[in-house]
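Data first, discussion second: the structure below is written as structure tokens.
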Amino acid sequence: MTPVPRLYSQCSIMRKPRAAVGSRSRCRKQASSQEGREKRALSSSQAKLSAPDACARTIPEFSEAPAGLARQQEEVRLQAPVSPYHLFGDTAEVTVFRKSLLSWYDREKRDLPWRRRVEGEVDLDRRAYAVWVSEVMLQQTQVATVIDYYNRWMQKWPTLQDLASASLEEVNQLWAGLGYYSRGRRLQEGARKVVEELGGHMPRTAETLQWLLPGVGRYTARAIASIAFGQATGVVDGNVVRVLCRVRAIGADPSSTLVSQQLWSLAQQLVEPARPGDFNQAAMELGATVCTPQRPLCSQCPVQSLCRARQRVEREQLSASRSPPGSRDVEECAPNTGQCQLCAPPTEPWDQTLGVANFPRKVSRRPPREECSATCVLEQPRALGGARILLVQRPNSGLLAGLWEFPSVTAEPSGQHQRKALLRELQSWVGPVPATRLRHLGQVVHTFSHIKLTYQVYGLALEEQTPVAIVPPGARWLTREEFHTAAVSTAMKKVFRVYEGQQPGTCKGSKRSQVSTLSGWKKPSAGQQVLDSFFRPHIPADAPSLNSATQ
């Protein structure tokens with residue numbers, strides 16, 4: 001029996017895949033040969049699961065279970081009580097929903113670089129690659145932040161072959177500041193697999209995309225398949241979750257297995273077969289621009305007439321004007337036996353002040369664990385060719401894998417023994433250093449998806465020391481200009497600003513950074529002004545946290 005791989009929580013459920021929809025008729029010959037390659041690669045991939053070490057294999061990030069487990073979970077779903085009130089049982093409603101949403105999208109869609117590139121691209125592989133890059137970058141990151149990164153990425157690597165030939169260092173360099181760094185690494189791994197194992201051709205269906213490409217899970221595979229290849233398959237992301245939960249008044253926890261299954265089922269039922277890519281983008285666009293988390297623009301919603309959340313608001317307002325205070329509300333969707341599994345629990349009553357924002361239910365998140373690190377900016381101010389600073393490379397796995405940082409050590413929050421440990425770390429890279437010149441400058445608090453990391457920032461200048469020209473592998477001396485383009489994280493940029501004496505500030509967004517210094521503010525130097533012009537355009541405003549062990 002084939003062992004079942006370990007699954008990530010957000011994608012641990014799946015319905016049995018539907019039969020793949022063929023690509024467009026003008027590409028049938030190409031699709032036929034591509035299908036043969038995919039079958040061979042898919043057979044090879046599935047065979048690996050039967051190997052003796054298969055139990056150690058994990059499905060790539062955002063991936064999910066094979067059909068066997070999916071069938072078992074589908075049986076559980078069918079046994080749970082769900083009211084038709086939350087579903088689309090009327091085909092006329094589905095038709096109206098599709099037509100209204102697509103008409104609105106044709107009028108109101110945003111002009112985005114990946115959409116322009118896809119619309120003007122006739123080569124299927126280039127089209128799929130353009131979609132793939134955009135979808136990976138947009139995971140947990142706002143559109144406004146992604147645009148600049150996407151344009152620079154596609155200018156540097158316009159094809160899969162270009163990306164496959166790039167080095168991980170180059171990928172990390174361009175990705176620096178975008179966050180969740182494993183995304184860029186997985187993207188390049190996938191490009192190399194397509195070039196080296198699939199003849200340079202992208203898999204043509206959601207099922208083969210998900211199985212064959214590292215880091216491509218249910219959502220990304222279906223987004224690529226629908227937008228690039230016209231496969232009639234629905235997608236569910238955070239925006240679509242919000243739209244569907246409001247349209248069908250789903251108040252149960254959207255991250256639960258049952259609700260997640262229902263949302264994917266609804267998305268598949270609603271997708272327009274003639275324009276699946278446009279429909280999926282329209283649903284996401286609606287959630288991003290109209291059906292927003294707070295203060296949604298209901299008057300501008302093209303499917304307002306079908307929205308049960310809006311109907312609930314109107315009913316509650318009417319009831320409040322007619323009923324005495326404290327009267328009990330009667331749910332319209334409860335089935336004859338038991339509480340509906342898609343309704344909000346009785347412990348979470350309707351909040352009149354929220355309106356449609358009562359849906360979806362807000363899921364409480366576990367707070368990130370707190371850690372502390374001592375880091376030092378070690379500089380040679382009088383180095384030949386200009387001042388240089390030392391950077392060392394992080395391990396190739398784990399948090400911020402492969403990126404460059406200032407020498408750092410794990411430290412106790414109290415600061416006890418920080419200096420000694422940090423001095424030992426510096427000496428391991430460059431030999432003896434003047435301990436008396438090690439200065440504590442302040443701290444940077446940077447919150448990742450699962451870690452709140454406090455960096456105690458130190459500085460040390462080798463003013464009178466013999467310039468260090470040779471360092472061990474994994475370290476390098478960089479000028480300030482080289483530091484600007486190095487593959488360093490946003491947190492390290494903030495650390496460097498503390499070293500430079502920058503006025504304290506706060507980076508907005510989900511990657512929150514707080515900077516404090518021990519010295520007062522001073523007018524920026526000429527070099528600092530150059531740094532400011534570099535940092536400002538690249539501070540990300542990431543979306544909520546990603547359930548991943550690495551970034």
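Both backbone and side-chain heavy atoms feed into the values below; hydrogens, waters and symmetry mates do not. Residue numbers start at 1 and run along the sequence shown.
- In terms of modelled atom types and a separation under 3.5 Å, the side chain of D125 and the main chain of M202 share a donor-acceptor contact.
- Put simply, the side chain of R369 never gets that close to the backbone of I451: no donor and acceptor are under 3.5 Å apart.
- Side chains of S167 and Q188: no donor on one and acceptor on the other come within 3.5 Å.
- In plain terms, the two heavy atoms of R110 and A288 that are nearest each other are NH2-CB, 3.8 Å.
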With salt bridge (charged side-chain N to carboxylate O under 4.0 Å, His left out) as the criterion, how do D162 and K156 come out once you've worked through the C-alpha distance, each side chain's angles and the decisive distance to 0.1 Å?
CA-CA 8 Å; D162 295 323; K156 189 176 181 67; over 6 Å; no

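- Atom CD of Q155 has 12 or fewer neighbouring heavy atoms from other residues, nucleotides or ligands inside a 6.0 Å radius.
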For H450 and F448: C-alpha separation, side-chain torsions, deciding distance, then whether ring pair (Phe, Tyr, Trp, His ring centres under 6.0 Å) applies.
CA-CA 6 Å; H450 59 301; F448 300 92; 7.3 Å; no

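- Note on ring orientation: taking the six-membered ring where Trp is involved, the planes of W114 and Y150 are perpendicular (angle over 60°, cut-offs 30° and 60°).
- With values rounded to the nearest 0.5 angstrom, L342 atom CG is found 8.0 Å from L263 atom CG.
- Counting all heavy atoms, side chain and backbone alike, C291 lies closest to P296 at CA-CB, 4.2 Å.
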Given W104 and E285, is the side chain to side chain contact (heavy atoms under 4.5 Å, CB included) satisfied, shown in steps?
CA-CA 10 Å; W104 169 84; E285 187 91 336; 3.7 Å; yes

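- Looking only at distances, no side-chain donor or acceptor of R246 sits under 3.5 Å from a matching main-chain atom of A309.
- What you find for G251 and R361 is that their closest heavy atoms are O-CB, 3.2 Å.
- Side-chain N/O atoms of S100 and S103 include no donor and acceptor closer than 3.5 Å.
- Cation-pi contact between R152 and Y149: present, with separation from the ring centre below 6.0 Å and deviation from the ring axis of at most 45°.
- Counting only distance, with no hydrogens or angles, the side chain of R98 and the backbone of V271 share a donor-acceptor pair below 3.5 Å.
- With T292 contributing its side chain and T289 its backbone, the two residues share no donor-acceptor pair below 3.5 Å.
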E119 vs K109, test: salt bridge (charged side-chain N to carboxylate O under 4.0 Å, His left out). Steps then yes/no.
CA-CA 13 Å; E119 289 171 359; K109 65 179 177 181; 3.2 Å; yes

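- In this structure, W175 contributes its side chain and G179 its backbone to a donor-acceptor pair below 3.5 Å.
- Within the 3.5 Å criterion, the main-chain N or O of T233 finds a donor-acceptor partner in the side chain of N280.
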Test log, rule side chain to side chain contact (heavy atoms under 4.5 Å, CB included), inputs L174 and W157:
CA-CA 11 Å; L174 195 150; W157 302 302; 3.9 Å; yes

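- Checked by atom type, the side-chain pair Q262/R248 shows no donor-acceptor distance below 3.5 Å.
- Formation of a donor-acceptor pair under 3.5 Å by the S256 side chain with backbone atoms of D253 is found in this model.
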Test side chain to side chain contact (heavy atoms under 4.5 Å, CB included) on E135 and Y219; report intermediate values, then the result.
CA-CA 9 Å; E135 290 298 338; Y219 165 78; 2.6 Å; yes

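- With hydrogens and angles ignored, the 3.5 Å screen pairs no side-chain donor or acceptor of R126 with any backbone N or O of T159.
- Nearest heavy-atom pair, L178 versus R183, reported as atom, atom and distance to 0.1 Å: O-NH2, 3.4 Å.
- Interatomic distance, CD of Q304 versus CD of Q311, reported as 9.5 Å (0.5 Å rounding).
- Although no hydrogens or angles enter the test, the distance criterion places a donor-acceptor pair under 3.5 Å between the side chain of N358 and the main chain of G355.
- L187 and L163 make their closest contact through O-CD2, 3.9 Å (heavy atoms, listed as atom of the first residue, atom of the second, distance).
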Dump the intermediate steps for side chain to side chain contact (heavy atoms under 4.5 Å, CB included) on W264 and R222, then the final yes or no.
CA-CA 11 Å; W264 278 100; R222 294 187 177 206; 3.6 Å; yes

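- For the pair V313 and V356, the tightest heavy-atom approach, listed with the atom from each and the gap, is CG2-N, 3.5 Å.
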